[in-house]
Amino acid sequence: MSAEHAHELFADQKAIRAGLGVMIRVGLGYLSLGQPAPTLSGGEAQRLKLAKALGRQHKTGALYVLDEPTIGLGATDIEKLIVLLDELVEHGNSVIVTEHEPNLLSYCDWLIEMGPGGGNQGGRIVAEGAPPDLARNPASLIGPYLV
């Protein structure tokens, strides 16, 4: 049974619905209940951990580090993820994200672009600043894609 289906089925069980509701909010409503953790993609596993963190009382001052959390998400689910990340920040937490998705990057407060390429070609700060700063920076490879 999917988390979305279980959310409907347990309409009168507030505690169960709360956890499932957060899963749905991070775009994981399609996952099957009891699905083994090794079958999850990296992005799904991160979003499941994020759902767990959001489902309990918010800690203040926690640092969340996410690696490509938008993998496998459509535009609507990316928007949902942005809202949830914003909730974490509003509760006094910090969020660091390694990401390539322009919509999420455009929403960030501060970007640090590493490069100029991968592997031996990487490791330097190519550009940094708010998204509009990178959009205007001719050295930035991601700047032209920022909204």
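This one's a predicted model, so the numbers in the text were calculated from it and none came from an experiment.
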Colleague: May I have all residue pairs that pass salt bridge (charged side-chain N to carboxylate O under 4.0 Å, His left out) and include part of residues 21-41, sequence neighbours excluded?
Modeller: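 The answer is Arg25-Glu87.
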Colleague: As a quick check of understanding, evaluate side-chain contact (heavy atoms from CB on, under 4.5 Å) for Leu66 and Leu85, giving each step before the final call.
Modeller: CA-CA 10 Å; Leu66 304 172; Leu85 295 175; 3.6 Å; yes
Colleague: To the closest 0.5 Å, what do you measure between CD (Glu79) and OG1 (Thr70)?
Modeller: 11.5 Å
Colleague: Looking at every non-hydrogen atom in both residues, tell me the closest pair between Pro131 and Ser106 and how far apart they are.
Modeller: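 So the two residues come closest at CG-O, 3.5 Å.
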Colleague: Within the side chain of Asp133, is there an N or O that forms a donor-acceptor pair under 3.5 Å with the backbone of Ala130?
Modeller: yes
Colleague: Report the C-alpha distance between Leu73 and Arg47 in whole Å, list the side-chain angles of each, state the deciding distance to 0.1 Å, and finish with yes or no for side-chain contact (heavy atoms from CB on, under 4.5 Å).
Modeller: CA-CA 11 Å; Leu73 293 181; Arg47 290 192 305 274; 3.5 Å; yes
Colleague: How far apart are the closest heavy atoms of Leu33 and Ala3, and which atoms are they?
Modeller: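 Closest approach of Leu33 to Ala3: CD2-CA, 4.2 Å.
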Colleague: Tyr64 vs Ile96, test: side-chain contact (heavy atoms from CB on, under 4.5 Å). Steps then yes/no.
Modeller: CA-CA 6 Å; Tyr64 293 86; Ile96 297 174; over 6 Å; no
Colleague: Hey, does Pro69 have a side-chain heavy atom less than 4.5 Å from the side chain of Leu81?
Modeller: yes
Colleague: Would a hydrophobic clustering, with Ile, Leu, Val, Met, Phe, Trp and Tyr connected at side-chain separations under 4.5 Å, put Leu20 with Leu31?
Modeller: yes
Colleague: With sequence neighbours left out, what residues match Pro144 under side-chain contact (heavy atoms from CB on, under 4.5 Å)?
Modeller: none
Colleague: Only counting residues at least two apart or in another chain, list the ones meeting side-chain contact (heavy atoms from CB on, under 4.5 Å) with Ile112.
Modeller: Trp110, Met114, Ile125, Glu128
Colleague: Assigning hydrophobic clusters by single linkage (Ile, Leu, Val, Met, Phe, Trp, Tyr; side-chain heavy-atom cutoff under 4.5 Å), is Leu104 placed with Tyr145?
Modeller: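 Different hydrophobic clusters.
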Colleague: Can you establish whether the number of heavy atoms outside Asp109 located under 6.0 Å from its atom CG is more than 12?
Modeller: no
Colleague: Should Ile78 and Met23 be counted in the same cluster of Ile, Leu, Val, Met, Phe, Trp and Tyr side chains packed under 4.5 Å apart?
Modeller: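 Linked, Ile78 and Met23 end up in one cluster.
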Colleague: State which residues pass side-chain contact (heavy atoms from CB on, under 4.5 Å) with Leu105; sequence neighbours excluded, sorted by chain then number.
Modeller: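 Leu105: side-chain contact (heavy atoms from CB on, under 4.5 Å) contacts with Glu99, Leu111, Ile142, Leu146.
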Colleague: Judged by atom type as modelled, is there a donor-acceptor pair below 3.5 Å linking the side chain of Gln46 to the main-chain atoms of Asp67?
Modeller: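 At least one qualifying donor-acceptor pair exists.
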Colleague: Look only at the side chain of Asn93 and the backbone of Leu88, and say whether a donor-acceptor pair between them is shorter than 3.5 Å.
Modeller: yes
Colleague: Quick check on the hydrophobic clustering: are Val97 and Ile82 connected, directly or via other members, by side-chain heavy-atom contacts under 4.5 Å?
Modeller: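 Same hydrophobic cluster.
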Colleague: In chain order, what residues pass the side-chain contact (heavy atoms from CB on, under 4.5 Å) check against Ala135, with sequence neighbours excluded?
Modeller: none
Colleague: Go through Val126 and Leu141 one step at a time and tell me if the side-chain contact (heavy atoms from CB on, under 4.5 Å) criterion holds.
Modeller: CA-CA 9 Å; Val126 174; Leu141 296 176; 5.7 Å; no
Colleague: What pairs meet the side chain to side chain donor-acceptor pair (under 3.5 Å) rule with one or both residues in residues 26-35, with sequence neighbours excluded?
Modeller: Tyr30-Glu44, Gln35-Thr39
Colleague: What pair of heavy atoms forms the shortest contact from Leu134 to Gly129, and how long is it?
Modeller: CD1-N, 3.5 Å
Colleague: Considering all heavy atoms of both residues, which atom of Arg124 and which atom of Pro116 are nearest to each other, and what is their separation?
Modeller: NH1-CD, 3.6 Å
Colleague: Do Leu48 and Leu84 belong to the same hydrophobic cluster, where Ile, Leu, Val, Met, Phe, Trp and Tyr are linked whenever their side-chain heavy atoms lie under 4.5 Å apart, directly or via other members?
Modeller: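 Leu48 clusters together with Leu84.
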